[in-house]
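Please read the structure below before turning to the comments.
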Amino acid sequence: MLDNLIHAALIMTTPILLAALGGLINRTGGIVNIGLDSMMLFGAMTALIVAADNGSWLLALAVAGGTGAFIGGLMSLVITRLKANEIIVGLGFSIVATGLARFILKSTYGVSGTLRLPDVTRLPVIDIPGVADVPVLGAMLSGHNVLTWFAWGMVPAAAWFLVRTRAGLRLRATGAGEKAARSLGLRPLAIRDASTLFAGFMAGLAGAYLSIGLVGIFNEGITAGRGFIALAAFYFGRNHPVMTALGALLFGFFDALQIRLQGRGFPPELVQTLPYVMVIVILAMLAWSAKKRNGART
Amino acid sequence: MTQSLALKAGEARVRLGARGITRRFGALTANDQIDFSARPGTIHAIVGGNGAGKSTLMRILQGMDQPDEGSIIVNDSAVTLSGPAEAFRLGIGMVHQEFMLVNQLTMLENLILAREPVSSLGVIDRAAALKAGQDLAERAGVTLNWHQRVQDAPVHARQILEILRLLYRGADVLILDEPTAVLAPQQIRDLLVLLQRLRDDGRTILFISHKLGEVMAISDDITVIRTGRVITSGPADETSKAQLAVQMTGEMVRAVTPRRAREGDTVLSITGLGLTDGRGIRRLSGIDLSVAAGEIVALAGISGNGQDELVEAITGLSSISEGNVALRYHDVTGMSLHQRRALGLAYLSPDRAHEGLCLEASITDNVIAGHHRRAEFLASGLLRLKAIRAHAEAQLDRFGVRRDSAALPVSSLSGGNQQRVAIARELDGSPALLIACQPTRGVDIHGIAAIHQCLLEYRDAGGAVLLVSEELEEIMTLADRITVLFNGAVRGTLRRGEADVESIGRLMLGEDA
């Protein structure tokens, strides 16, 4: 029972974590990426199509990441070069992506809403012999697919990148002090665009995880707003990779819990809202505690 | 290092200069045939009031703007600067009034940003970075906490960082724009020592200022600019403060004539005020202070000795731990700022750009803010724009605000005129008490005299003023009584006549007068 829940929580954490790390890098560079969900959705769709057509999961991941990066790049250019408001543009991308996905399904595959393809190559699952049977540890380490391992590997990598590398320092400077960065000869807009490309890539992978990792089909509602939950995760983590991972884990846990509660007589429509309700509750609690801490000066 | 400096400067007689630089903006000639020559290894001051054309000249010397006529001289030859990057290649760097630092990064990260020492794969070599920072600091004779975030660092440390970063990036000509505007007296002395040290190392410093005391203290040469023209340029030891003041303003600055204060009722009365902050640190203790009608009481002290906290306690911007604040015999201790204002409190903020004014809003809106609920300006929930505009114009005329149109944003005005807008608003409706914090910060010599006149006229009409200032000269000029704060407590109070700079200075340092 506990093992099952741990395993399920980790499984549901992966897509949130992937997108959240991308969004974290993006936000560090100065853009709050509201459009993560759109990149995730197209990552999910292209991954399924490539995995069915070609049979290589690696190629499917590359195409999904590339598609996400492409959408991210478009969004970034609209924000950095045309000076459009990032919130409005991000929301616009999310809405357009849903409509476009529906259109592609209808026009190309003649289906509405859900795309099932034969012979979809799924992401390989790594079972660790020996460990698999150990209680708790087995649920944590064994039976997860390659993207889950990749996502967790990216957590320390992102932390190291931000603090220790030249590119990481310049990224932080761009987000926190664009004017100062420009006065020193850096190109803040280009740096910002690069960070959005990365965010799109990561969100695309998150989408691929949902379609060819988890369910093996594509549905226009497959992301179920996880791109937005990823936003909550890096807000929760205050842009720190480890704390962001904890945030993703927390929301992943509620997502898994919600799925398990559905079979136990609770009204499913209501139970499904659990992760989203928790996002609001947790962010409100964070804001409240921050307010209390700064309470000395009102 | 010394060798490379010598190489850059060569045997030049002029390290950085201007020949006939003219820059026009429409009908306005901001720079008119500007000539000056900064010799290598000297401190050259550029002196002028607000709007004299200093900023335009600096932008041109940085390559951020191009002159219509004339040329920039670098190492005796005329050059064209395409931008700050090219100026930097010629060794010319600038510390702006508004620091170009990233507040969330550490001091060290700001130092190396965009010139990071890296090993392979773009990984920052932190040991090399730290060593570079420490070497620079040691050579400059300063200590910095390199791992502190800039936002936690005191303002003088940030300024030193800006200067060291120019050195780190290889500049040997440093342009400093009003560098002492943000510093306390002791920090100003330290900065001047640092600048002299850098000069003695062979660097050339262009020091832009309107504080004549500092200019006379450290400059080798002085160029005075007024209305875009060079009035005089020559060695510092051939001129004097008084002479510079005349050249800067074009007329003898009318000295304010303080009149004896009339006795009046007590307007502000503070008893036993104390404050312990959220971290348990004692900020204020046992403060007794009163200000009567027709009196200017000055709060002196080195910044950070409780002035800000005391002002916030009086205005109601923050709450206090013990004691009482009374306005015109009403206990206002628990009242909001709004209620206190209704009792006749007016507050001139030290932070004009963020708290005192809304820079993007129009001049009219800034004049009327807070008074907009008055019956003559508000009819059944709607603003009476005609009456508001007429009233704003009258106020602006009364306080001599020079403007194109009151509909323009207040940011279109010079610093001195902005401050007059704030004063016009605060003195509107004849308040009983004016808290005036750093009323002439960033204002030129001409504007200072006008603002002082406003405060004195208000006092002579029966107003009470609590003046908080870091300018001792200002305090000595205006105050009828001077209260010195030290470590959050009143260290002593002196009457006009018995106060001199030395005794105030001793009190500021916590000694006896």
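Since we're looking at a predicted model, the values are computed, not measured.
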Output side-chain donor-acceptor pairs under 3.5 Å for residues 13-20 of chain A, partner residues at least two apart or in another chain, one line each.
residue: A:T13; atom: OG1; partner: A:A9; partner atom: O; Å: 2.7
residue: A:T14; atom: OG1; partner: A:L10; partner atom: O; Å: 3.2
residue: A:T14; atom: OG1; partner: A:T148; partner atom: OG1; Å: 2.8

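A salt bridge is absent between B:R165 and B:E109: the closest approach of a Lys/Arg side-chain nitrogen to an acidic carboxylate oxygen does not fall below 4.0 angstrom. In summary, B:K54 and B:E178 engage in a salt bridge, as defined by a charged side-chain N under 4.0 Å from a carboxylate O.
What you find for A:D193 and A:S76 is that their closest heavy atoms are OD1-OG, 2.7 Å.
Surrounding CG of B:L121 are at most 12 heavy atoms belonging to other residues, nucleotides or ligands under 6.0 Å away.
A:N239 and A:R27 share a donor-acceptor pair across their side chains, judged by distance under 3.5 Å alone. Judged purely by distance below 3.5 Å, without hydrogens or angles, the side chains of A:N26 and A:S195 pair a donor atom with an acceptor atom.
By a heavy-atom distance cut of under 4.5 Å, A:W160, A:V163, A:R164, A:T165, A:R166, A:L169, A:R170, A:R172, A:A173, A:A176, A:G177, A:K179, A:A180 are the residues of residues 160-182 of chain A near chain B, going up by number.
Heavy-atom distances place both the backbone and the side chain of A:L184 under 4.5 Å from chain B.
Ranking B:V118, B:V123, B:L113 against chain A, the residue ahead of the rest is B:L113, based on heavy-atom pairs under 4.5 Å.
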